[in-house]
Amino acid sequence: MTFHHLSEQGRLKHAAAARAVEEVGSGMVLGLGSGSTAEIALEILAERVAKGVHITGIPTSAKTAALAGRLGVPLTSFAEHRRIDLTIDGADQVERGTLTLIKGLGGALLHEKIVASVSDRMIVVIDETKLVDRLGGGKPLPVEVVPFGWQTVLDRLEKIGCGPRLRLVRDIPFVTDGGNYIIDCTLATIPDPKDLDARISSIVGVVETGLFITQASTVIVGRPAGVEVIER
Ligand code: A5P
């Protein structure tokens, strides 16, 4: 792969993704994340597959599945494998002290969380702009909801102060790979992510939140001076 066409942020994502792919060993079942950084990791992985490394991947989105197909990365499914050795995925925000994540800006949070939940190890790859001291900061916290009665979920999210808004694409509700809607919450700060996750998850009609509290084992941060590897 040539790098001269990449932006500075693209270069940082590439460095983090390349470091993560070093952890891939032959014979592994991999979770293949979604989003631009996870796609860079997939491209680097494809180069290793072309050189003879044997892996199979479970994709977290239709987009990732299509890219893996084009790149010649072999895919598998939960019909064949119930456990995943290693998942490499991106994130929208990472809290430095706890490695709690916000994911789902690309809309793949449910499948990403299912894959992460059965992975022995999850490596999260980000550029340094995603690493924060406190989650929130007015950035969206995506919540996947069942389409039926989504308005009732929105009302309840409003009541607990989440600043909710239904995600639209050209004035039509965005639909996830799972056939659900996304309500984006906006919070200035999330002092207790675990408590917020529990409160949102208890609303009838909520499928999953974009808060990943315990799943990340390692976070690899691309920085201009090199990558930083943060272990849980
Ligand atoms: C996809 O739904 C998200 O969870 C992604 O992991 C997240 O949005 C990161 O994407 P980028 O690497 O494109 O920022």
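Atoms within a ligand are numbered from 1 in the order they appear, just like the ligands themselves. As the structure is a computational prediction, the values presented were derived from the model and not from experiment. Index from 1, following the sequence.
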Taking atom CZ of Arg48 as the centre, does the number of heavy atoms from other residues, nucleotides or ligands within less than 6.0 Å exceed 12? yes
Give me the nearest non-hydrogen protein atom to atom 5 (C) of ligand 1 as residue plus atom name, then the distance to 0.1 Å. Ser34 O, 3.4 Å
Contact atoms of ligand 1, heavy-atom distance to Gly106 under 4.0 Å: 1 (C), 2 (O), 3 (C), 8 (O)
Per-atom contacts, ligand 1 versus Gly104 - under 4.0 Å to a heavy atom: 2 (O), 3 (C), 4 (O)
Looking at Asp184 and Arg165, is there a salt bridge between them, counting it only when a charged N and a carboxylate O are closer than 4.0 Å? no
re atom 1 (C) of ligand 1, the protein heavy-atom contact at minimum distance is Glu112 OE2, 3.2 Å
Could you see which bit of Ser61 sits under 4.0 Å from ligand 1, with heavy atoms only: side chain, backbone, both or neither? neither
So which protein heavy atom does atom 13 (O) of ligand 1 come closest to, and at what separation? Ser36 OG, 2.5 Å
Check: Gly107 N/O within less than 3.5 Å of ligand 1 N/O: yes
Quick check: Ala38 and ligand 1, any N/O pair under 3.5 Å apart? no
What's the shortest distance from atom 12 (O) of ligand 1 to any protein heavy atom, and which residue and atom give it? Thr37 OG1, 2.6 Å
Ranked by distance from atom 10 (O) of ligand 1, the top protein heavy atom is Gly35 CA, 3.8 Å
Interatomic distance, His111 atom NE2 to Ile58 atom CD1 [nearest 0.5 angstrom]: 12.0 Å
Could you list the atoms of ligand 1 found under 4.0 angstrom from a heavy atom of Asp89? 6 (O)
Shortest non-hydrogen contact between Arg232 and Thr98, atoms and distance: NH1-O, 3.5 Å
Can you confirm, on distance only, whether ligand 1 has an N/O atom lying under 3.5 Å from any N/O atom belonging to Lys13? no
In terms of side-chain geometry, is the basic nitrogen of Glu144 or Lys113 positioned less than 4.0 Å from the acidic oxygen of its partner? no
Residue, atom and distance of the protein heavy atom nearest atom 14 (O) of ligand 1 read Lys130 NZ, 2.9 Å
Can you establish whether the number of heavy atoms outside Asp192 located under 6.0 Å from its atom CG is more than 12? yes
No-hydrogen, no-angle side-chain donor-acceptor test under 3.5 Å, Ser77 and Glu80: yes
Count I, L, V, M, F, W, Y as connected when their side-chain heavy atoms are under 4.5 Å apart, and connections chain through other members. Are Val219 and Leu86 then in the same cluster? no
Around atom 7 (C) of ligand 1, find the nearest protein heavy atom and jot down its residue, atom name and distance. Asp92 OD1, 3.0 Å
Check: Thr76/Thr56 side-chain N/O donor and acceptor closer than 3.5 Å: no
Tell me: protein heavy atom nearest atom 6 (O) of ligand 1, and distance? Lys103 NZ, 2.7 Å
Ignoring hydrogens and angles, tell me if any N or O in the side chain of Thr186 forms a donor-acceptor pair with the backbone of Pro140 under 3.5 Å. no
One residue to check: Ile126. Relative to ligand 1, which of side chain, backbone, both or neither has a non-hydrogen atom less than 4.0 Å away? neither
